[in-house]
Amino acid sequence: MELGRLGVWVGMDGMSAVAAAAFAKRVEDRGYGALWIPEGRGRNALVLSSWLLCNTKRLIVATGIANIYARDPLTMAAAAKTVGELSDGRFLLGIGVSHKPLVASLRGHSYDKPYSYMREYLPKMKSALYRAPEPKERVPVVLAALHPKMLALCAAEADGTHTYFVPPEHTAKARAAIGPKPLICVEQAICLDTDAAKARKTAREYMKTYVPRLPNYTNALKSLGWEDKDFENGCSDRLVDTIVAWGTESQVRDRIEAHLKAGASHVCIQPLSTANPLMPDERALQALAPR
């Protein structure tokens, strides 16, 4: 599977199914290697992946991230193999332990030992009984990983990691942790706008979903040296500028290149719009399309 250096990461729950398919076609036509889609409180990411793959020809579709608490290992393995077969090898499965509020509060599961749960989940998924035609190629699996133990598991038991809400400094640490071969597929939020006030307002609106509400992201950033004060009042300007790359096309490209130089295999950009925060900025996707 050739992901290419650049992909797109977009939440599609604000689009109709028809609009989502049309968007995927435009991503493909612009030359991006992969389209990453999340899973939260909306569509089932594996079902949506099938729809998007049916409406494209070359584009890889990846889940970023499918929640392992939403499916037992047999169900996850069967779904991945089904989508892999239907798409003729254009599907990548990204899985993760999500976050305590989304697992314990929303789904009613225990979130006491998420790392142990993932460690036990992976071999069960690999050995799951499947009595249907196998896909021609094995479906690659990457894990959502921010901390050392999960990164080590990525290297030992998966094809790599999909990291989210991280600066290039984390990418360098991840590469050092997992070695040269496993995939590091990094999400990078971007805002193609040179107006600092507008760009930071858009960035803060995006970031408030994650910090300080979700401890996994907050703690990962603290491990890189960020302090409590940086998460107060919508986050410090310095933290905002670190998480969301904004400015000119050249400035945004520099951030993408920083991840690649730090060891990323693939960077999937999440194009934030100052005009409509609920929809991706297609102007940015056009400007940053692979050349």
Side-chain angles (χ1 to χ4, degrees), residues 1-9 32-34 36 38 60-68 73 76-77 80-81 84 89-98 113-128 135 137-189 216-217 219-226 242-243 245 254-270 290:
M1 178 178 287
E2 294 294 333
L3 285 171
R5 286 160 52 97
L6 199 59
V8 175
W9 195 105
Y32 290 96
W36 295 74
I60 293 166
V61 174
T63 55
I65 286 292
N67 188 338
I68 63 173
M76 186 74 83
K81 289 182 177 182
R90 292 191 290 124
F91 178 62
L92 185 150
L93 179 66
I95 58 176
V97 297
S98 189
K113 297 181 178 180
Y115 168 76
S116 297
Y117 191 79
M118 176 65 85
R119 187 184 60 196
E120 295 168 3
Y121 188 97
L122 289 170
K124 292 176 182 178
M125 191 174 75
K126 291 177 182 178
S127 63
E137 298 180 8
R138 182 182 62 84
V139 175
V141 177
V142 296
L143 311 184
L146 295 172
H147 301 288
K149 288 172 65 177
M150 195 69 81
L151 284 167
L153 191 63
C154 292
E157 300 294 339
D159 295 286
T161 179
H162 171 47
T163 54
Y164 188 93
F165 210 81
V166 295
E169 179 186 358
H170 183 276
T171 300
K173 289 180 178 293
R175 178 54 74 196
I178 70 175
K181 291 186 178 180
L183 293 169
I184 298 181
C185 303
V186 184
E187 176 273 346
Q188 175 62 62
N216 291 353
Y217 292 121
N219 292 335
L221 289 168
K222 285 184 177 180
S223 74
L224 296 177
W226 297 91
T242 296
I243 294 299
D254 285 347
R255 180 69 62 83
I256 295 168
E257 190 61 31
H259 279 293
L260 293 168
K261 287 181 178 178
S265 314
H266 173 83
V267 178
C268 42
I269 56 173
Q270 182 173 180

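If you read the sequence from its start, that first residue is 1, and numbering goes on from there. This one's a predicted model, so the numbers in the text were calculated from it and none came from an experiment.
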Over 60° means perpendicular and under 30° means parallel, so tell me whether Tyr117 and Tyr121 are parallel, tilted or perpendicular. tilted
I'd like to know if [X] pairs up with [Y] as an ion pair, taking the criterion as any Lys NZ or Arg NE/NH1/NH2 lying under 4.0 Å from an Asp or Glu carboxylate oxygen.
X	Y	answer
Arg138	Asp159	yes
Glu157	Lys126	yes
Arg5	Glu257	yes

Using only atom types and a distance under 3.5 Å, with no angle test, would you say the side chain of [X] pairs donor to acceptor with the backbone of [Y]?
X	Y	result
Arg255	His259	no
His266	Gly4	yes
Trp9	Gly64	yes

Measuring only between side-chain heavy atoms, which start at C-beta, is Lys173 closer than 4.5 Å to Leu151?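 Sidechains of Leu151 and Lys173: no contact.
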Side-chain contact, heavy-atom cut-off 4.5 Å: Asn219 with His147? yes
Work out which heavy atom in [X] is nearest to a heavy atom in [Y]; give both atom names and the distance.
X	Y	value
Ala145	Cys154	CB-SG, 3.6 Å
Pro182	Gly160	CB-CA, 3.9 Å
Leu221	Trp226	O-CD1, 3.1 Å

